[in-house]
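The next block holds one structure in the form of structure tokens; read it before the comments.
For this chain, numbers begin at 1 and follow the sequence in order. We count ligands from 1, going down the list as the structure has it; atoms in each ligand are counted the same way.
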Amino acid sequence: MKKCIGCGNVLQTESQKKTGYAVKLENDYCLRCFRIKNYNDLVDQDINQDQFIENIKEISKSKSKKTFYYIVDIFDLEGTRMLELEQVISKHNVIIVVNKIDLMPKAVKLSKIRRYVANEFKNSILKDAKIVLTTTMKQNFVTPLLNIVLKDGNEQYFVGVSNVGKSSIINAILKANNLIPKILESKYFNTTLDIIEIKLNSKVSMFDTPGVARVNSIANIMETKDWEYCYFKKEIKQFTFQLNSEQTIFFAGLAWFDFLGEGKTNFHIYTNKEIDLHRTKTTNSIDYWNKNRDILSPTIIDDKFKKHYFEFTDAVIGKEYDIVISGLGWIHFIVEHPMTIVVNIPKEDNQVLVYSRDPLI
Ligand SMILES: Nc1nc2c(ncn2[C@@H]2O[C@H](COP(=O)(O)OP(=O)(O)OP(=O)(O)O)[C@@H](O)[C@H]2O)c(=O)[nH]1
Ligand SMILES: [Mg+2]
């Protein structure tokens, strides 16, 4: 059976609606991969995501010695963790690979990021796993990974949710070893559709695996053409606003937050620099949204939205927090007075993860 070299699916010529469809079986890439690769557009096909985790479960049961590279994304660390998967791989050798470090502001020390990640995992089932920070964009971050892979005598699997960069990392490792990368990487969820074995040399293979698409990312309720706002290549930018009570900041047409409290407070927003931020009075925010939601870009067009309330009382004055909107970035501030932040996200039934945490930066 011939497989697509982009996504790993078995090629078939019967049904365009099914994955692996190719016009002719002689092709190397299926139609979906061909179109993503050459036109950056997505063919709509039925994808059975439940199978992805089942396949990893099966693999984890077999006797051979295995290393699982568990890839997460630093731009959305908590949102790209998958506890069920952590449980499945925990009986094996696990290396936590924190990808997309290039997105972090240059001024932030790697040691600080490493401490943050270690803290994030310290009470988890993967608390003893080695942590590697990486980016596929810089050779000096990829070479150490190549060396780890070359030395490891186990079967090596790259796992994690969709779009954390599993295929990109494997391609970068191939490049660092002077080989030509062939598997497809893209901003779309579910780029890789089956397990793909990639030989690094006659002794060492890496296995790329499909990741489950995340319902907790704001990308999930955005139009796919706008996903480059969530999956981007330029350092995240910090924008600072000094807000008075009852002022609101819009992230283009994707989300907005209201500040309710006493006095002025500084808010540092970390997001893709291509996203326009707009300040308005909270009393005008719904009006602004109703007038502009169709013309803002990127935007989520819907009449209804969901609110998330975060209360900060006297007890936490002086403490710093991030409020994270999964896939979009975070808002950093110090609590100066008791205050409330209300995060609003279009589509009432959305499942976007919005939460407060200790500051990452
Ligand atoms: N900024 C940045 N983006 C990256 C990096 N690595 C991957 N990406 C981007 O992340 C997106 C997803 O990459 P893929 O390699 O397709 O992700 P995946 O984990 O294989 O996804 P699935 O196959 O769907 O499970 C693409 O837009 C990549 O360009 C990185 O180190 N930095
Ligand atoms: Mg992939």
Close-contact set for ligand 1 against L103 heavy atoms, below 4.0 Å | 1 (N)

Please determine if G211 has a nitrogen or oxygen closer than 3.5 Å to a nitrogen or oxygen of ligand 1.
-> yes

Among the heavy atoms of G160, does any lie under 4.0 Å from an atom of ligand 1?
-> no

By residue and atom, what protein N/O/S atoms are less than 2.8 Å from the Mg ion (ligand 2)?
-> S167 OG, T192 OG1

To which protein heavy atom is atom 32 (N) of ligand 1 closest, and what is the distance rounded to 0.1 Å?
-> D102 OD1, 2.7 Å

Polar proximity ligand 1 side, E185 side, N/O cut 3.5 Å exclusive | no

D303 and R293 ion-paired at < 4.0 Å | yes

The protein heavy atom nearest to atom 10 (O) of ligand 1 is K100 NZ, 3.1 Å

Below 4.5 Å, heavy atoms only, C-beta onward: do T299 and D294 meet side chain to side chain?
-> no

Under 4.0 Å to a heavy atom of V164 - the qualifying atoms of ligand 1, by number = 19 (O)

Considering distance alone, does some N or O of K233 sit under 3.5 Å from an N or O of ligand 1?
-> yes

Value for OG1 (T265) from CD (Q242), rounded to nearest 0.5 Å, stands at 8.5 Å

Nitrogen or oxygen atoms of Y188 and ligand 1 under 3.5 Å apart = no

For F333 and F259, run ring-ring contact (aromatic ring centres under 6.0 Å, His included): C-alpha distance rounded to whole Å, both residues' side-chain angles, the deciding distance at 0.1 Å, then the answer.
-> CA-CA 11 Å; F333 51 89; F259 165 54; 8.5 Å; no

Using side chain to side chain donor-acceptor pair (under 3.5 Å) as the criterion, list what pairs up with D28, not counting sequence neighbours.
-> none

Report the relative orientation of the aromatic rings in H332 and Y270; use parallel for angles under 30°, tilted for 30 to 60°, perpendicular for over 60°.
-> perpendicular

Atom OG1 of T136 and atom CD1 of I173: how far apart are they, to the nearest 0.5 Å?
-> 10.5 Å

Does E155 pair with K65 as a salt bridge, N-O distance under 4.0 Å?
-> no

Should you measure from each heavy atom of K166, which atoms of ligand 1 turn up under 4.0 Å away?
-> 15 (O), 17 (O), 18 (P), 19 (O), 20 (O), 21 (O), 22 (P), 25 (O)

Do R279 and L243 come close enough that some side-chain heavy atom pair is under 4.5 Å?
-> yes

Which word best sums up how the rings of F257 and F267 line up, parallel for under 30°, tilted for 30 to 60°, or perpendicular for over 60°?
-> tilted

Does K166 use its side chain to pair, donor to acceptor, with the backbone of V164 at less than 3.5 Å?
-> no

Show me, pair by pair, the donor-acceptor contacts under 3.5 angstrom made by side chains of residues 220-231, not counting sequence neighbours?
{"unit_1": "W227", "atom_1": "NE1", "unit_2": "A219", "atom_2": "O", "d": "2.8"}
{"unit_1": "W227", "atom_1": "NE1", "unit_2": "M222", "atom_2": "O", "d": "3.4"}
{"unit_1": "E228", "atom_1": "OE1", "unit_2": "K187", "atom_2": "NZ", "d": "2.5"}

Is the closest N or O pair between L184 and ligand 1 shorter than 3.5 Å?
-> no

May I ask you to list the atoms of ligand 1 that are less than 4.0 angstrom from any heavy atom of F232?
-> 1 (N), 2 (C), 3 (N)

Checking heavy atoms under 4.0 Å, the part of D208 that sits near ligand 1 is neither

Would you please determine whether F75 falls within less than 4.0 Å of ligand 1 on a heavy-atom basis?
-> no

Ligand 1 to T209 polar contact by distance, N or O atoms, under 3.5 Å | no

Of S162, A213, G6, S186, the one whose closest heavy atom lies nearest atom 24 (O) of ligand 1 is S162

Counting each atom of ligand 1 from 1 as listed, which ones have a heavy atom of N190 under 4.0 Å away?
-> 24 (O)

Do any nitrogen or oxygen atoms of T135 come within less than 3.5 Å of a nitrogen or oxygen of ligand 1?
-> yes

Return the option from G165, G8, S168, A172 holding the heavy atom at the smallest distance from atom 17 (O) of ligand 1.
-> G165

Heavy atoms of other groups near K57 NZ, more than 12 under 6.0 Å | yes

For ligand 1, which part of N99 has a heavy atom less than 4.0 Å away: the side chain, the backbone, both, or neither?
-> side chain

What pairs of residues pass the ring pair (Phe, Tyr, Trp, His ring centres under 6.0 Å) test when at least one of them lies in residues 9-37, not counting sequence neighbours?
-> none

Check: D102 and K100 side chains under 4.5 Å, non-hydrogen atoms = yes

